[in-house]
> 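Before anything else, here's the structure in question.
The first residue in the sequence is number 1, and the count goes up from there.
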Amino acid sequence: MGLMNLLFGRQRVKNASALSGFYSGELSEWNDIYNGGGSWRYTRKGGLNGGGTRKVASLGAARAVCAELARLCFAESSELSCADKETEAFLREVFAKNNFSERFSDFAEKVFALGGGVIKVYYDNGVRLDFTTADRFVPTKWDSGEIYAGAFGSEVCANGKNYVLAETQELSGDGLIIENKLFRENGAEADLSEVYPKLAERTVINGLDKPLFVYFRAGTGSVKQCGALGTSVFAGAEDTLRSLDVVFDSLSREFILGKKRIIVPSYAVRGDYNENGELKRYFDVNDEVFEALSTSDTDDLKIADNTGELRVTEHIEALGELLDLLCMQVGLSEGTLSFKNGNIRTATEVVSRNSRTYRTTSFYRRLIAKKLADVAKNVCLLGKMAGELSQSASESVTFRFADGVCEDDGVKTERARSLYSSGLISRARAISEIYGVSLDEAKAMEREDFDGNRK
């Protein structure tokens, strides 16, 4: 039994039938495309034999655009701001132990691909963070903007058997109710102690008015079956992704079909019978025997090169245009995914040069910062319950992305040099902009350089 079928069959899910169709339909398709699939991934074989299909070569543009967005939105370190030092020290310790920076980068890429994801906070010899992809989480209660209850599914293997652990979190008058159930791969319920002897089947945490998970939404649109769920960043761009793979497959085939072809006269073809009694003809390139031929037409004796010209430039140009179109569809500026420019640019330089990319990433950063603050508050709540954080510690947490992410040093240097060359700013002002020092310090540096050169 599939993980999603099990969750929908065992949990009280609002609008279960329609929501189940979304998970088996659109979400499954986005996940397939992200992993290099798609309905266009196989095509009919050509040739005399006919029949059958072959795998289309894929450019992997869907994964590339999600990775680029994750890199642009979380390439720089974020600034954690707390009301008191105790809370800040505790949060930094928890995030460090959970390898937050490395794991969140991968998580953000999946959020962009699948439209959302969940970070769950739990306690196991310390406060832990669980990063759950959208295909392993089902909301059970929600409104148009927030999810108040949900079910998590995780596949585990223990004692040579496959299991599914289903966890639900739901608010009630008593607080937060957490239930855990274990199922075998055929859907039959198993005893929880078979795999998790220390895990309680039902836990009630009093005093909580929200679940211990935070849903991260890609922010590009909502799912009609559940307004709180988001859509993939490449939803609606499937035709462009298909065209990219068609062109890239054609480019790959160009080198296969465009192999060197030599036309030889029939007299130069030899033949041998294989083990099946079939005659296999070949041209022996090492044959240097002189032969007398009864022909006066010299054209009959020539060996001609009939190799076709490779259409590489046309394919490269088509790929570039389609990548620019894909960038437009996902909110990035033209050239963000270009492979034609050999100059390597940092994430901040890309943002600095492209206003559309800057607006898109700024929008996503605001969403991410707000949700990370909610995660941090859940960490503080659980830390207080576990006695690892004092009750008087503040839960006020703010995440900010470093201001330097908005502009790359190379861009600032280039602009300052251009303004100085045009006579619009002084040399001291240019030094101030390039090195990030005050104008007085820049003037002192200018004087030192002048004295040194004079000597």
Side-chain angles (χ1 to χ4, degrees), residues 1-43 53 55-56 58-67 69-70 107-118 131-155 164 166-168 183 185-187 213 215-246 326 329-331:
M1 177 180 284
L3 188 150
M4 286 296 109
N5 291 333
L6 190 150
L7 289 179
F8 278 105
R10 299 285 181 169
Q11 308 301 330
R12 300 181 296 276
V13 181
K14 174 183 174 183
N15 197 20
S17 177
L19 195 57
S20 177
F22 161 72
Y23 276 85
S24 60
E26 292 100 316
L27 184 60
S28 177
E29 180 183 0
W30 297 333
N31 199 15
D32 185 39
I33 294 174
Y34 170 74
N35 287 302
S39 58
W40 59 90
R41 199 68 173 90
Y42 290 88
T43 187
T53 59
K55 197 173 184 180
V56 173
S58 176
L59 187 63
R63 182 182 289 268
V65 79
C66 293
L69 279 169
F107 172 74
E109 186 177 322
K110 297 288 183 63
V111 168
F112 287 125
L114 304 182
V118 178
F131 296 79
T132 304
T133 54
D135 58 333
R136 295 177 177 272
F137 170 77
V138 175
T140 55
K141 289 185 179 179
W142 66 85
D143 60 20
S144 59
E146 295 291 337
I147 297 175
Y148 302 104
F152 300 82
S154 56
E155 298 171 334
V164 173
E167 175 191 337
T168 58
F183 301 93
E185 58 182 341
N186 60 2
F213 65 81
Y215 179 80
F216 286 72
R217 175 175 159 176
T220 56
S222 59
V223 176
K224 62 181 179 180
Q225 297 90 338
C226 174
L229 294 177
T231 61
S232 171
V233 293
F234 54 76
E238 289 90 348
D239 288 343
T240 305
L241 293 171
R242 178 199 297 268
S243 298
L244 278 164
D245 282 350
V246 168
L326 179 63
Q329 291 174 311
V330 301

> Considering all heavy atoms of both residues, which atom of A151 and which atom of T168 are nearest to each other, and what is their separation?
CB-CG2, 3.8 Å

> Determine the minimum heavy-atom distance between P139 and L19, stating which atoms define it.
O-CD2, 3.9 Å

> Can you label the angle between the F107 ring and the F131 ring as parallel, tilted or perpendicular, going by 30° and 60°?
perpendicular

> Can a donor-acceptor pair be found, under 3.5 Å and without considering hydrogens, that links the side chain of D245 to the backbone of S58?
no

> Nearest 0.5 Å please: distance from the CG atom of L27 over to the CD atom of Q225.
10.5 Å

> Would you kindly say whether E146 and Y215 are connected by a side-chain donor-acceptor distance under 3.5 Å?
no

> Are F234 and C66 packed together at the side-chain level, in the sense that at least one heavy-atom pair is separated by less than 4.5 angstrom?
yes

> Can you tell me how far CZ of R242 sits from OG of S39, rounded to the nearest 0.5 angstrom?
4.5 Å

> To check you understand the geometry: which heavy-atom pair defines the closest contact between A134 and L114, and what is its length?
CB-CB, 3.9 Å

> Donor-acceptor pair, Y23 side chain versus F137 backbone, under 3.5 Å?
yes

> When you compare the side chain of S222 with that of R217, does any pair of heavy atoms fall below 4.5 Å?
yes

> Looking only at non-hydrogen atoms, find the nearest pair between I33 and W40 and report the distance.
CD1-CH2, 3.9 Å

> Has the side chain of N31 got a donor or acceptor atom that lies under 3.5 Å from a matching backbone atom of D135?
no

> List the atom of A228, the atom of I147, and the distance in Å for their closest heavy-atom pair.
CB-CG1, 3.6 Å

> Within the 4.5 Å heavy-atom criterion, are W142 and L229 side-chain neighbours or not?
no

> Under the rule for side-chain hydrogen bond (donor to acceptor under 3.5 Å, both in side chains), what residues qualify as partners of T132, not counting sequence neighbours?
D130

> Contact between V118 and F216 at the side-chain level, heavy atoms closer than 4.5 Å - yes or no?
no

> Measure the shortest side-chain to side-chain distance between E26 and V223 over non-hydrogen atoms and say whether it is less than 4.5 angstrom.
no

> Given side chain to side chain contact (heavy atoms under 4.5 Å, CB included), test E185 with E155 step by step and report yes or no.
CA-CA 9 Å; E185 58 182 341; E155 298 171 334; over 6 Å; no

> Using every non-hydrogen atom in the two residues, find where W30 and A113 come nearest and quote the distance to one decimal.
CB-O, 3.7 Å

> Write out all pairs satisfying side-chain hydrogen bond (donor to acceptor under 3.5 Å, both in side chains) with one or both partners inside residues 228-238, taking only residues at least two apart or from two chains.
T220-T231

> Once rounded to the nearest 0.5 Å, what's the spacing between atom NZ of K110 and atom CZ of R63?
7.0 Å

> Are any of the side-chain heavy atoms of D143 and Y148 separated by less than 4.5 Å?
yes

> Determine yes or no for a side-chain-to-main-chain donor-acceptor pair under 3.5 angstrom, with T53 supplying the side chain and Y42 the backbone.
no

> Return the CG to CG distance between L326 and L59, rounded to the nearest 0.5 Å.
9.5 Å

